[in-house]
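What follows is a short report on a single structure.
Excluded from the calculations below are hydrogen atoms, water molecules and symmetry mates; all remaining heavy atoms, backbone and side chain alike, are included. Counting starts at 1 for both ligands and their atoms, in listed order.
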Amino acid sequence: MSSSKPPASPSNDGFAKGLTQYGDRGFSLFLRKAFIKGAGYSDTVLDKPVIGITSTGSAYNPCHGNMPQLLEAVQRGIMLAGGLPMPFPTISLHESFSAPTSMYLRNLMSIDTEEMLRAAPMDAVVLIGGCDKTVPAQLMGAASANLPAIQLITGSMLTGSHRSERVGACTDCRRYWARFRAQDIGQEEIDEVNNQLVASVGTCSVMGTASTMACIAEALGMTMPGGASPPAVTADRMRIAEATGAQAVHLARQRLGIDQILTDKALENAMRVLLAIGGSTNGIVHLTAIAGRLGYEIDLDALDRMGRDTPVLLDLKPSGDHYMEDFHHAGGMATLLRELKPLLHLDALTVTGRTLGEEIEAAGPGFRQDVIRSLADPIYPQGGIAVLRGNLAPGGAIIKQSAANPALMEHEGRAVVFEDAADLAARIDDPDLDVNAEDILVLKNIGPKGATMPEAGALPLPLKLARAGVKDMVRISDGRMSGTAFGTVVLHVTPEAAVGGPLALVRNGDRIRLSVKERALQLLISDEELKARAAQQKITPPTGERGYRKLYMQSVTQADKGVDFDFLRATEQRGKLPRT
Ligand code: FES
């Protein structure tokens, strides 16, 4: 006999989460199940914990070229742990296939990730990312969506060999290109090098932004232990993928949300690690954006203080000599975190449900290796990144001191100014350019609004100086630099020139003083002169005519706010970090 009672309202788990609204939840679930059954699923399977997997494979993204193998391993882990894997696509970003810049698109990927995590039913999600902007975009999106989440890194590429010299993207790309520009090597050799720099799929093999974000993700407690370092094509990487899938099911069962992992302590641990690995300067921008999604501001001066007692321990290019696969063979993050123990919050929770301290203990005692130094014998005595202030950067600027030339870190010189990237391209190789090795190269209008913040801050040395053997000069801009680059390069000058920051007021021939010791960046003109120039200056910040560009130009924040969109940051403020 049929009952006249209406069906009970569906629970809020699994496939009943986030139902499409038809005004009748029971009908919405009925319809959803009918459609998914069209793909051959049974009721038994649909009752399992649902684990979403962001699939970011793309023919345009060789850094994610192992996505099919990763997906297979993650799904195996999920199913063996009793869950239902549901891979779905999101935007994928590769540095070399993202015009005008990948930074312009990072926030779009974070919105895509956040909204798909909200729209599709899942009890937990595996975020698969690797290339520079993908991991921050996924962590930003997942932090805002606030559900159980675990990060899987695609892994680094293998190194290649050029005439018996070990090479890898992309510190060696820059080094060889500089030699080619200086006519030290010819066309034939640069073509040969081009075949060897990227020896397999995977992310850049040095401590660039991708490797930095992989280490940060593990330090945040967002990956399985040891998840940062296995190269993309190794069995270790696939085992991590399988374990990640299994752990995602446990996260779903325990309802361990990302807000319990991405805490103030986890963010401070990540900052320590960024400083100790000689990490990419982009890491600060991304960590600031992730923290902003959780209601935290990054206090750049406090970060600088943290850097003064956080030495660089990792001997990886561009600050050192090794590559990511060497870091992995040296024990990866467990070896680094063990050394950093006195400086970390060991009680920070990780996705395993255990604390960071417990995971360090579980990794064992360590062994002899020559990639990760001890606190007593660092590769560089302070953190890799220093924060500069002065009348040229009232909102701050940064320099990667561990990859800079010590002889130029206390320097005063004459400004040679380029108004924007086009001006730089037009004149930098002009034999008549009035420039010498002691000058300071200033590039304006490559900030977040000026040019969507390209990695153009390590501007090329003028050809005539490069050919004369000059290897480094002080360079200043409101742009970014690749984590794989090196040199005495001041970045992220805030506020940027395009919104009327003092950088816009620098003129050819002005004198500028850089003192990394005093953390000072000073335009050596009087306050009156600076004010008079500002009064004369007419600034019209760029606007986008339509579409995403319009949204970007209306909403993008400066570097000290993570270049996130203002409306994506958390509405509730929880204070400044680091508190140490
Ligand atoms: Fe993808 Fe370097 S281009 S990590």
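For Tyr60, the OH atom is loosely surrounded, since the number of other residues' heavy atoms within 6.0 Å does not exceed 12. Within a 6.0 Å radius of CD in Glu297, more than 12 heavy atoms belonging to other residues, nucleotides or ligands are found.
Side-chain contact, Asp566 with Thr557: no donor N or O sits under 3.5 Å from an acceptor N or O. Side chains of Ser319 and Ser402: a donor-acceptor N/O pair is present below 3.5 angstrom, by distance only.
Inside a sphere of radius 2.8 Å centred on atom 2 (Fe) of ligand 1, the protein N/O/S atoms present are Cys204 SG.
Listed by first then second residue, pairs satisfying salt bridge (Lys or Arg N to Asp or Glu O under 4.0 Å) with a partner in residues 159-173 read Arg163-Glu189, Arg163-Glu192, Glu165-Arg175, Arg166-Glu325, Arg166-Asp326, Asp172-Arg175, Asp172-Lys317, not counting sequence neighbours.
Relative to the ring axis of Tyr104, Arg549 places its NZ or CZ within 45° and under 6.0 Å from the centre.
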